[in-house]
Protein chains: 2
Amino acid sequence: MTEAPAEQAGAKRVRLDQRMIVDAMLRLARDEPHARITFKRLGEALGVDATAMYRHFRNKDELLKAALDRIMGWATEAGRESSGTWRERLEVHLMRTAELALEYPSIGAEGAVIDSVGPGDTSAIEFMLEMLAESGLRDEELLRAYAAISGFSLSQSSALANDVLRHPDAARDGSEPWISTFGSINLSGYPLVNRHRDALLAMDGLTVYRAGIAAILDAVELAASR
Amino acid sequence: MTEAPAEQAGAKRVRLDQRMIVDAMLRLARDEPHARITFKRLGEALGVDATAMYRHFRNKDELLKAALDRIMGWATEAGRESSGTWRERLEVHLMRTAELALEYPSIGAEGAVIDSVGPGDTSAIEFMLEMLAESGLRDEELLRAYAAISGFSLSQSSALANDVLRHPDAARDGSEPWISTFGSINLSGYPLVNRHRDALLAMDGLTVYRAGIAAILDAVELAASR
DNA sequence: ACCTGAACACCGTTCAAGT
DNA sequence: ACCTGAACACCGTTCAAGT
């Protein structure tokens, strides 16, 4: 569609650095939500050869890691800037995580695959531990709660992002159905599925995410109250 | 390594069907846990050209869907054959789901990406609804619980499988660390991460899975008791 | 020191040709 | 009716050559 847009028209040779590349990658992820990012597209967007990125990142995984870390940092900022109870602030952070995964699908999709462990990721862990410590949990219980929450949040956000990425006509607000169809299956053999058929098909991705978060946080409150 | 093994040495022309292809794919997924399955490898294993599969499946996604549905069916069988309380039986099913994803990494990795919606998948939904109905939950609460559990189980199992798939030396029993390293990050800026550093690094994938399942089922019991 | 561009070893998928 | 094999349009990655 768009002609290869050299970012600065005058510049003969573009001077790259890691920051610029990650910026371009994030921009691309947001602008082309239904396409996996390739070095070719990235190079076009930066006005640079497709292989130029290898001067600054060992491989594509390292690049994705850096981009993912930025997103994790943003999600943590949202949590830090919020006010309210520990649960409300944790929910702000977790919802922002899913929103950002949906906004940058090709990055968010990697959330379950890569552990970035940069400053953004580490600050997210710190924030979650902080909120859970406020709930009253300690030691092993604290860590189990962190595991449950971060595991769910990352892997389910990644699933939501993958859904957008793979379906060219998918909405980006988490409103894609969790179960798209029962196809040609005769549901008479599955009485409960049959009874709840319409409700199951009406359930969207973000609803599933919210349900998981709510359940886990209910369990955290229960454990903390004992 | 291995020479292209035509399955039946005598057969001039191999006669394919969907079942054979899915069988071969599952065998390959189990035997080569650190490699994504390609049509080339699948064709070699079946003694057939790489493009022969297109007679039986529209594309690779449809094939993966069929294989995933088989796995979901097995996980459901494990739950059905178990005895005990609804929670114990549900746990059997959920643990089996993760185990199978780890045993067939290249199939399990797709669990969060594809909704198979074949008989295996549908029977899994039916089983989960059945167990949750036994807990006493009804209607919206039942569906929210189902959403939380199936969302977590599928997406987190898929994350575990991806971990095996992408790391050539990864163990296949879920014992891969959830956080592999804090790299070069100076943890003095993250006091809680720093305090729990060793415990965080000691946490493995299956522990995270168990923690999530336990939390969600605790919440289900809490909701059911009201 | 850093970017280019040819080259390599793959992928999934299509399609005309075989049997 | 079903499998073959050449061909296509991609990928990530390497490396010698440029500047």
Side-chain angles (χ1 to χ4, degrees), chain A residues 1 4-22 24-25 28-29 32 34-67 106-107 109-110 113-114 162 165-168, chain B residues 1 4-22 24-25 28-29 32 34-67 106-107 109-110 113-114 162 165-168:
Chain A
M1 296 289 170
E7 297 250 314
Q8 291 103 355
K12 278 249 154 103
R13 274 217 170 191
V14 184
R15 201 70 187 181
L16 289 181
D17 60 32
Q18 295 203 356
R19 227 193 109 82
M20 277 175 63
I21 297 175
V22 173
M25 182 162 223
L28 222 53
E32 301 180 7
H34 306 301
R36 198 152 253 121
I37 295 170
T38 67
F39 278 126
K40 188 161 167 290
R41 279 298 290 114
L42 197 53
E44 283 169 10
L46 283 162
V48 117
D49 189 84
T51 66
M53 267 59 74
Y54 283 89
R55 287 277 142 197
H56 305 275
F57 292 95
R58 196 148 21 100
N59 54 36
K60 203 184 177 188
D61 257 29
E62 293 295 314
L63 214 179
L64 283 165
K65 224 180 258 197
S106 49
I107 312 292
E110 304 297 318
V113 173
I114 288 175
N162 258 307
L165 193 56
R166 303 178 51 122
H167 301 114
Chain B
M1 298 289 170
E7 297 249 315
Q8 289 105 355
K12 278 249 155 108
R13 275 219 169 190
V14 185
R15 202 68 186 180
L16 290 181
D17 60 32
Q18 295 204 356
R19 228 193 107 82
M20 279 175 62
I21 297 176
V22 173
M25 183 161 222
L28 223 53
E32 302 179 7
H34 306 301
R36 197 151 254 120
I37 295 170
T38 67
F39 278 126
K40 188 162 166 290
R41 279 297 291 115
L42 198 53
E44 282 168 11
L46 283 163
V48 115
D49 189 84
T51 65
M53 268 59 75
Y54 283 90
R55 286 278 141 196
H56 304 275
F57 292 95
R58 198 148 19 101
N59 53 36
K60 205 184 176 188
D61 257 30
E62 293 296 314
L63 214 180
L64 282 166
K65 224 180 259 198
S106 48
I107 313 292
E110 303 297 318
V113 173
I114 288 175
N162 258 307
L165 193 55
R166 305 179 47 123
H167 302 114

Practice item. Ignoring hydrogens and angles, tell me if any N or O in the side chain of His34(A) forms a donor-acceptor pair with the backbone of Arg166(A) under 3.5 Å. Key: no

Point to revise | Options dC3(D), dC2(C), dC11(D), nucleotide nearest the side-chain atoms of Arg55(A) | key: dC2(C)

Study note, to complete from the structure: Heavy-atom closest pair (Ala67(B) atom, Val22(B) atom, distance to 0.1 Å) is CA-CG1, 3.9 Å

Exercise for review: Tell me the partner of dT19(C), counting only Watson-Crick (N1-N3 plus N6-O4 or O6-N4) or G-U wobble (N1-O2 and O6-N3) with both under 3.5 Å; none if nothing fits.
Suggested key: dA1(D)

Point to revise | Value in whole Å for how far the C1' atom of dG12(C) lies from CD of Glu110(B) | key: 14 Å

Review point. Which nucleotide in the set dC11(C), dC2(C), dC3(D) lies at the smallest distance from any side-chain heavy atom of Arg15(A)?
Key: dC2(C)

Check your understanding: Nearest-Å distance, CE (Met20(B)) to P (dC2(D))?
Key -> 13 Å

Point to revise | Any N/O donor-acceptor pair, Thr51(B) side-chain to dG12(C) base, under 3.5 Å | key: no

Exercise for review: Would you mind classifying the nucleic acid contact of Ile37(A) as base, sugar-phosphate or nothing, using non-hydrogen atoms under 4.0 angstrom?
Suggested key: sugar-phosphate

Review point. Could you give the CG-to-P distance, from Leu16(A) to dT4(C), as a whole number of Å?
Key: 8 Å

Practice item. Give a yes/no answer on whether the side chain of His56(B) brings an N or O atom under 4.0 Å of OP1 or OP2 in dC3(D). Key: yes

Study note, to complete from the structure: Side-chain atoms of Asp49(A) come closest, of dC2(C), dT13(C), dG5(C), to dG5(C)

Practice item. Among dC11(C), dT13(C), dT13(D), find the nucleotide with the atom closest to the side chain of Asn59(A). Key: dT13(D)

Revision key, fill the gap. Result for 5'-nearest mapping on DNA chain D, choosing between Asp61(A) and Ala52(B), is Ala52(B)

Practice item. Calculate the interatomic distance between Leu42(A) atom CG and dT13(D) atom C1'; express it in whole Å. Key: 15 Å

Practice item. Find the distance between NE2 (His56(B)) and CE (Met20(B)) and round it off to the nearest 0.5 Å. Key: 8.5 Å

Review point. Paired with dA9(C): which nucleotide, if any, by Watson-Crick or G-U wobble criteria at under 3.5 Å for both distances?
Key: none

Point to revise | Under 3.5 Å donor-acceptor, Lys65(B) side chain and Lys60(B) backbone | key: no

Check your understanding: Whole-Å distance between dC3(D) P and Phe57(B) CZ?
Key -> 12 Å

Practice item. Provide, to the nearest angstrom, the distance between the NZ atom belonging to Lys40(A) and the C1' atom belonging to dG5(C). Key: 14 Å

Practice item. Using whole Å, report how far NZ of Lys60(B) lies from C1' of dT14(C). Key: 17 Å

Exercise for review: State which of dC2(D), dG12(C), dG12(D) makes the closest approach to the side chain of Phe39(A).
Suggested key: dG12(D)

Exercise for review: Between dT4(D), dT13(D), dT13(C), spot the one nearest the side chain of Tyr54(A), thanks.
Suggested key: dT13(D)

Check your understanding: Do the side chain of Asn162(B) and the main chain of Leu165(B) share a donor and acceptor less than 3.5 angstrom apart?
Key -> no

Exercise for review: Send over the distance from Met53(A) CE to dT14(D) C1', rounded to a whole Å.
Suggested key: 15 Å

